[in-house]
Amino acid sequence: MCVSLPELLITLVGIEKVIPRFEDLEVFLQLLPRSATGERMNPYNSLWTGIVPGDGPREFHVILLDNGRTHVLADEESRETLDCIRCGACLNACPVYLQTGGHAYGSVYNGPIGAILTPQLQSMEYSRSLPFASSLCGACYEACPVQIDIPEILIHLRAQVNDTGGGPLQERIAMKAAAFGFEDVNRLEDLQKLARWLELPFEKDGSISSLPGMLAGWTAFRDLKPIPKQSFREWWRDREKGDAS
Amino acid sequence: MSAREEILEQISRGLGERGPNRASEYASIPREYKVRGTSDPAARVELFLDRLHDYGATVYRCTNAEIAATITRALSLRNKQAILVAPAFPRRNLPAGFTLLDGASASYSELDQSAGVLTTCAIAIAVTGTIVLRHSAEEGRRALTLIPDYHLCVVYENQVVETVPEGIRAMSHFGTAPLTTISGPSATADIEMTRVKGVHGPRTLDVILAAGSL
């Protein structure tokens, strides 16, 4: 009704929405309602070709919008993001979306498709955390009627985020430190010993319930187990010596 | 460089080398879905009826000669004394004893105040229970079937195709006419998943399914 009654109609069309022929509507008008609302057909569809004297708008403008879409097209690995028909089936399937809701995605496109579409439309400059807000369970891929491999594209975008500076500074330092620690077994064991000593003031009744600084965010909601008194490697070495407990 | 040239250039750069024969590439797209219907005409009409009932539309069946009498019945059951009529609705099928208003000249607010509208349709699709209007003079302009709250539509059995592809292929011959497809009385689900009626068009849809042809 809102496109048929006013005198002026301006339609904003993303360029990926253009389909080759009128007959191809038979594909989309069957896929969309079934995947979106589970209906056989949308209750109302309006189709128009320009203006019709005496019927509906007297002025009609179409704005074909690129806004980052050709940028997405140029990336062969994530190009299929543009196949999206906006049915929302991936949203209904997504365990992350079901918990967070749409506003958490910071864009009109939410859920799994938003997590891959929004960062790409913004040329990876913003929304750099979105590709990481997924457990990669693949429920969206199974639900998608046009079979966009969302988990694969999420991984591709994660790599892009890392290749272009990575996450926040603290996170990058933490990751560098972890890489340094895990690089060498003797170094790791020394760090484990150091950590057992450092955690002592925070340990109470076999668990750590409160940590200082940035780590407080973690312990505000969950307890940590202290590092075991003996690692598996230490236990194995003792066993070889013949005095395993 | 205009925005159009810039976008087109970025598209061809993004897609890289394209095959020389785009038309045959398009023709070879696999279409494994059901295109042609397989039901006989009686089963096709039954399927259409089943869908209309499912959507909550009231359906009357009659012969070609009984259309005017059936319109009388439908309007009487709805307690309607007056109705808007599409400009070229077949005269012979108009009922007697009702105030028939010219749908062509009514303003939007007159349409809004009206008791309802009487039209034919272009085609119908059985599997989705869809009525297609191409807004010719028999069906009236778009506003005529969008604003009133009651739509009485005459569908001939030979206008009913079975599948959506059959419907779309028929619609592709309607030229540049505006098209409206109606699958049951207008309804939509809001964000709370409550079904709301009358959002895009009439809340009440009655269909007269007439044997024979227009």
Side-chain angles (χ1 to χ4, degrees), chain A residues 1-7 9 14-16 18-34 36-57 60 63-76 79 82 92 101-102, chain B residues 3-4 6-16 22 26 29 31 33-35 51 54-55 104 108 125 127-130 132 134-135 140-147 163-169 171-172 174-189 197 199-201:
Chain A
M1 202 187 287
C2 65
V3 296
S4 305
L5 302 186
E7 292 187 1
L9 174 62
I15 51 173
E16 85 282 20
V18 180
I19 60 174
R21 300 190 187 170
F22 186 87
E23 286 83 348
D24 293 321
L25 279 176
E26 71 193 27
V27 175
F28 295 94
L29 282 182
Q30 292 189 91
L31 275 185
L32 183 64
R34 292 176 193 182
T37 54
E39 289 173 304
R40 299 180 191 98
M41 180 57 74
N42 340 9
Y44 268 67
N45 286 307
S46 296
L47 294 93
W48 63 94
T49 308
I51 57 164
V52 184
D55 185 351
F60 173 46
I63 300 172
L64 289 164
L65 187 72
D66 180 343
N67 195 27
R69 285 163 176 82
T70 50
H71 170 86
V72 183
L73 186 71
D75 186 341
E76 258 180 74
R79 175 180 294 167
L82 297 174
N92 294 331
Chain B
R4 173 203 292 246
E6 200 178 311
I7 292 172
L8 288 175
E9 197 194 292
Q10 274 171 332
I11 291 173
S12 37
R13 204 184 314 141
L15 289 173
R22 303 295 305 283
Y26 178 86
I29 292 172
R31 291 174 193 268
Y33 50 86
K34 185 174 175 181
V35 173
R51 301 304 195 227
D54 187 41
Y55 294 148
Y108 284 178
I125 303 169
V127 79
T128 53
T130 303
V132 180
R134 62 172 146 174
H135 301 287
R141 65 205 150 113
R142 282 172 279 183
L144 187 62
T145 40
L146 286 175
I147 301 177
T163 68
V164 172
E166 285 173 327
I168 297 286
R169 287 167 197 206
M171 287 153 75
S172 73
F174 293 165
T176 59
L179 305 171
T180 304
T181 76
I182 303 166
S183 306
S186 164
T188 193
K197 283 191 167 183
V199 176
H200 322 92

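Everything quoted here is computed from the prediction, not taken from an experiment. Chain letters run A, B, ... following the sequence lines, proteins first and then strands; every chain starts at 1.
Closest heavy-atom contact between Arg141(B) and Gly54(A): CD-O, 3.8 Å. Closest approach of Gly56(A) and Arg142(B) over heavy atoms only: CA-NH2, 3.8 Å. For the residue pair Asp66(A) and Gln10(B), the shortest heavy atom distance occurs at OD2-OE1, 3.5 Å. Scanning both residues, Met171(B) and Leu47(A), for their nearest heavy atoms gives CE-CD1, 4.3 Å. Scanning both residues, Gly201(B) and Tyr44(A), for their nearest heavy atoms gives CA-OH, 3.8 Å. A pairwise comparison of heavy atoms in Gly14(B) and Arg79(A) identifies O-NH2, 2.9 Å as the closest pair.
Heavy atoms closer than 4.5 Å to chain A are found in the backbone of Val127(B), but not in its side chain. For a residue to count as touching a neighbouring chain, one of its non-hydrogen atoms must lie under 4.5 Å from one of that chain's; by this rule Arg4(B) does not touch chain A. Contact of Thr130(B) with chain A is made through the side chain alone, with heavy-atom distances under 4.5 Å. At a 4.5 Å heavy-atom cutoff, the contact between Ile15(A) and chain B is made by side-chain atoms alone. Only the side chain of Glu39(A) comes within less than 4.5 Å of a heavy atom of chain B; its backbone N, CA, C and O stay farther away. In this structure, chain A has heavy atoms under 4.5 Å from both the backbone and the side chain of Leu15(B). Of the atoms belonging to Asn42(A), it is backbone heavy atoms, and not side-chain ones, that fall under 4.5 Å from chain B.
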**Prompt:** For Arg40(A) and Tyr55(B), what are the C-alpha separation, side-chain angles and deciding distance, and is it a side-chain contact (heavy atoms from CB on, under 4.5 Å)?
**Reply:** CA-CA 11 Å; Arg40(A) 299 180 191 98; Tyr55(B) 294 148; 3.4 Å; yes

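Side-chain contact between Pro165(B) and Gln30(A) is present, with at least one heavy-atom pair separated by less than 4.5 Å. Counting heavy atoms from C-beta outward, Phe28(A) and Ile168(B) have side chains that stay 4.5 Å or more apart.
Of the listed residues Ile11(B), Ile29(B), Thr163(B), the one with more heavy-atom pairs under 4.5 angstrom with chain A than any other is Ile11(B). When each of Gly129(B), Ser183(B), Gly167(B) is scored by its heavy-atom pairs under 4.5 Å with chain A, the top score falls to Ser183(B). Ranked by non-hydrogen atom pairs under 4.5 Å with chain B, the options Leu64(A), Thr70(A), Asn45(A), Leu73(A) are led by Asn45(A).
The only member of Ile51(A), Val52(A), Val3(A) that meets side-chain contact (heavy atoms from CB on, under 4.5 Å) when paired with Pro178(B) is Val52(A).
A side-chain donor-acceptor contact under 3.5 Å links Tyr108(B) to the backbone of Leu5(A).
Of the inter-residue distances, the one linking Ile125(B) atom CD1 with Glu26(A) atom CD reads 10.5 Å to the nearest 0.5 angstrom. Taken from CG in Leu179(B) to OG1 in Thr49(A), the straight-line distance is 7.0 Å, to the nearest 0.5 Å. Between atom OG of residue Ser4(A) and atom CG of residue Leu144(B) there is a gap of 12.5 Å, rounded to the nearest 0.5 Å. In this structure, CZ on Arg31(B) lies 8.5 Å from CD on Glu23(A), to the nearest 0.5 angstrom.
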